[in-house]
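When reading the values below, keep in mind they use all heavy atoms of this one structure, side chains included, and skip hydrogens, waters and symmetry mates. Throughout, protein chains are lettered first and strands after them, A, B, ... in sequence-line order, and every chain is numbered starting at 1. Keep in mind that this is a model prediction, so the values were computed, not measured.
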Amino acid sequence: MPIHNKDIAAKFSEIADLLEIDNANEFRVRAYRNAARTIDAMGQDVSALMEAGEDLTQIQGIGDELAKKIESIVTTGTVKALEDLRKKLPPGITDILKLPGLGPKKVKVLYQELKVKSLEDLEVAAKAGKVSALPGMGKKTEEQILKNITARIDAGLRFLRANVVPSAEALLGHLRGIEKEAPMTLCGSYRRMRDTVGDLDILVASESPQPLMDAFVSYDEVDEILANGSTKSSVRLRSGLQVDLRVVKEESYGAAMHYFTGSQAHNIAVRRRAQEMGFKVNEYGVFKGEAYVAGAAEEEVFETLGLAYIEPELREDRGEIASAQARALPGLVSEGDIRGDLHLHSTASDGRNSIREMAEAAKARGYAYLAVTDHSKRLTIANGLDEKRLRAQMEEIDTVNSEMKGFTVLKGSEVDIMDDGSLDLPDEILRDLDVVIGSVHHKFKLGIEEQTMRVMKAMDNPYFCILGHPTGRLLLSREPYEIDIPRIIEHAAQRGCCLEINGNPQRLDLHEIYARAAIQQGVMISVNTDAHSVEQLDLMQHGIGQARRAWIETKHVLNTRSLKDLRKTLAVIRS
DNA sequence: GCCGTTTTCGGCCCGACTGTTTTCAGTCG
């Protein structure tokens, strides 16, 4: 059983939780948390680095001790420090930490005084009124605990970013009704275009926060008010989504936007830099001693700290601060750079609109081309096309092209990758297509070696252009299948084919970390929507968000090419 | 437990809100 970064990160997180409950030095706890976050965000498996003889202490935040612990986890599956902690404190105790309002101190008291080891224990104790009798806890704490347990409210709950857009816009509209002119922004992971969000963070610049606070906590959709202060309030909506509102003065708007956009790791790194330069950064501005230096705009904050403006998508403490200092940040791709969509479906397979309708809609968006890539015959559930039907579709495309001016429909297929790595359609027809996307739609449970070999073999087909949704993940519902993506990237680089960033908000596959690793190795990315209807052509914005988070520039994206250049590039891929 | 243009010790981002307290610890982001 190979050890992945997620496994190591989970163990370090558990150690951090247990150490915190055990009253360990907070900076020691933080070291484990930082390491967990760093490892989880890496594009390459630490176990592979280790086996290749790399020095793990070269990784930021990993010193001698943590390197040894990683080695232990990779070779034995566990580490003594964790086993010792588990003997001292029951493992189920970390579930209790996930309840909102319960941190390490309270969890420790609950365990020591009431022998609470699990959520079940806690519910029994709270119902018996034993919790409110403890020092530092009262009736309100007890009620809150019971409420959160029965509602299964978990502080780590996340939502697809795309799914919260309507409620975010509606709530913003509600607040605009109170203060029409006030600058107002959604910050947090929403602004950073993360695939999922844990909550919404709304920032407003205003001299009179109270009416905004009142309107916010009395909003129709509010289920519960979690906090209600003079400049900061938090609510939970009926959907379960938590929303925070923060109001600051205009002179602090930029600093607050930076602070509120995060990520936490980015903020810590920026504040550390500020400290080294003799400044202090908080949500009110940049300060030299007591004196306010900057803060009305984010640009000012960065400039004062000697940094170029860092786009929100890059603020993850993944090297953006050093790049900003060196004035070497990438010029990120934007939706306006996209000239066409290379993965979409028509009524021939499981799409809802005809080829002509899709083409007209794409043209109306300002695209120059699209590729029709209906499913192949193996995917019977999606009415996949066999050779005969695909030949007929190719003729239909010729007709559409002869009737449309200034727009080109390319012939394509999203062809299934079979069990043995062959493709679901013969080379004779693949050769006559413009774009061949290969995708895995079955046998997700192969072992990592077999799955990797299967996909690499498919990529070797001379007509193969793009690997569709490379890991098969469905956010919040299905884990990616076991596949060695670093090897797939390496193979794509050698073979000269592309990898996809699929813009479907449930997929956003390839994930940013791998997509960044891919472009670093010279692999070109195709950002597509996988649209099954005219409306879904809009999903491009989500794919672009993921691409920007991967530090991707226009030059890295296949479908930012003009039609002429695209044809040239495809010819090279297929040569 | 990590880290170093103040480098092997002594720091480690910073502030709002709540509940339980009589001035603050705990939690959160």
Legend entry - Check: A/Phe302 ring centre within less than 6.0 Å of A/His258 ring centre: yes

Legend entry - Atom pair distance, as rounded to whole Å: CZ in A/Arg33 and P in B/dC2: 16 Å

Legend entry - Nearest-angstrom distance, C1' atom, B/dT8 to B/dG1: 14 Å

Legend entry - Between B/dC2 (P) and A/Ile15 (CD1): distance, integer Å: 12 Å

Inset, instruction - Please state whether the phosphate of B/dT20, meaning OP1 or OP2, lies under 4.0 angstrom from any side-chain nitrogen or oxygen of A/Thr141. - result: yes

Inset, instruction - Within residues 303-329 of chain A, find the residues that approach DNA chain B with a heavy atom at under 4.0 Å, and present them sorted by residue number. - result: none

Inset, instruction - Any strand is fair game: report the nucleotide pairing with B/dT8 by Watson-Crick or G-U wobble, both distances under 3.5 Å, or none. - result: none

Inset, instruction - Find which nucleotide of DNA chain B each of A/Ile268 and A/Lys139 is nearest to by heavy atoms, and output the residue with the more 5' nucleotide. - result: A/Ile268

Legend entry - C1' atoms of B/dG11 and B/dA16, separation to the nearest Å: 25 Å

Inset, instruction - Round to the nearest Å and state the distance from A/Leu56 atom CG to B/dG1 atom P. - result: 16 Å

Legend entry - The single option from A/Arg473, A/Arg161, A/Arg507, A/Arg158 passing side-chain hydrogen bond (donor to acceptor under 3.5 Å, both in side chains) against A/Asp195: A/Arg473

Inset, instruction - Select from A/Asn267 and A/Leu66 the residue whose nearest nucleotide in DNA chain B is closer to the 5' end of that strand. - result: A/Leu66

Legend entry - P gap between B/dC12 and B/dT7, integer Å: 16 Å

Inset, instruction - Rounded to the nearest angstrom, tell me the gap between atom CG in A/Asp64 and atom P in B/dG1. - result: 11 Å

Legend entry - Side-chain touch A/Ser132/A/Glu143, heavy atoms, less than 4.5 angstrom: no

Legend entry - A/Leu160 backbone acceptor or donor facing A/Asn163 side chain under 3.5 Å: no

Inset, instruction - Take atom P in B/dC9 and the same atom in B/dC14, then report the distance between them in whole Å. - result: 25 Å

Legend entry - Selected nucleotide, minimal atom distance to A/Ala227 side chain, candidates B/dG19, B/dC17, B/dG1: B/dC17

Legend entry - Neighbour count above 12 (heavy atom, 6.0 Å) for A/Lys130 NZ: no

Legend entry - Rounded P spacing from B/dT21 to B/dT27 in Å: 14 Å

Legend entry - Any side-chain heavy-atom pair of A/Arg33 and A/Glu20 under 4.5 Å: yes

Inset, instruction - Inspect the contact between A/Glu65 and A/Lys68 and indicate whether a charged nitrogen and a carboxylate oxygen are less than 4.0 angstrom apart. - result: yes

Inset, instruction - Step by step, work out the side-chain hydrogen bond (donor to acceptor under 3.5 Å, both in side chains) result for A/Glu224 and A/Gln144. - result: CA-CA 11 Å; A/Glu224 191 185 356; A/Gln144 207 54 42; 2.9 Å; yes

Inset, instruction - Could you tell me whether A/Arg28 contacts a base, only the sugar-phosphate backbone, or nothing, with contacts defined as non-hydrogen atoms closer than 4.0 Å? - result: base

Legend entry - Protein-nucleotide distance (A/Leu19, atom CG; B/dG1, atom P), rounded to Å: 8 Å

Legend entry - Distance in angstrom units between A/Ile59 CD1 and B/dC3 C1', rounded: 16 Å

Inset, instruction - Determine the contact category for A/Ser233: base if any of its heavy atoms lies under 4.0 Å from a base atom, sugar-phosphate if only primed atoms, P, OP1 or OP2 are that close, otherwise nothing. - result: nothing

Legend entry - Pairwise P distance for B/dT20 and B/dG26, with rounding to whole Å: 14 Å

Inset, instruction - Could you please name the option among B/dC14, B/dG1, B/dG15 that lies closest to any side-chain atom of A/Lys69? - result: B/dG1

Legend entry - N-O pairing of A/Glu142 and A/Lys139 below 4.0 Å: yes

Inset, instruction - State whether a side-chain donor-acceptor pair under 3.5 Å links A/Thr261 with A/Arg191. - result: yes

Legend entry - Inter- and intrachain pairs under side-chain hydrogen bond (donor to acceptor under 3.5 Å, both in side chains), touching residues 77-86 of chain A, at least two apart: A/Glu14-A/Arg86, A/Thr78-A/Glu83, A/Lys80-A/Asp84, A/Glu83-A/Arg86

Legend entry - Length of the CG-P vector between A/Leu226 and B/dA16, whole Å: 19 Å

Legend entry - Span that lies between the C1' atom of B/dG10 and that of B/dC17, in whole angstrom: 32 Å

Inset, instruction - Classify the nucleic acid contact of A/Val281 as base, sugar-phosphate or nothing, counting any heavy atom under 4.0 Å across all strands shown. - result: sugar-phosphate

Under 3.5 Å, which N/O atoms of the protein pair with N/O atoms of nucleotides 25-29 of chain B?
from   : atom 1 : to       : atom 2 : distance (Å)
B/dT27 : OP1    : A/Gly103 : N      : 2.8
B/dT27 : OP1    : A/Gly103 : O      : 3.0
B/dT27 : OP1    : A/Lys106 : N      : 3.0
B/dT27 : OP2    : A/Lys105 : N      : 3.2
B/dT27 : O5'    : A/Gly103 : N      : 3.4
B/dC28 : OP1    : A/Gly101 : N      : 2.4

Inset, instruction - In whole angstrom, give the distance that lies between atom CD of A/Glu65 and atom C1' of B/dC3. - result: 14 Å

Inset, instruction - Scan A/Ser230 against the nucleic acid and name what it touches under 4.0 Å (heavy atoms): base, sugar-phosphate only, or nothing. - result: sugar-phosphate

Legend entry - Minimum-distance nucleotide to A/Gln60 side chain [options: B/dG19, B/dC3, B/dG1]: B/dC3

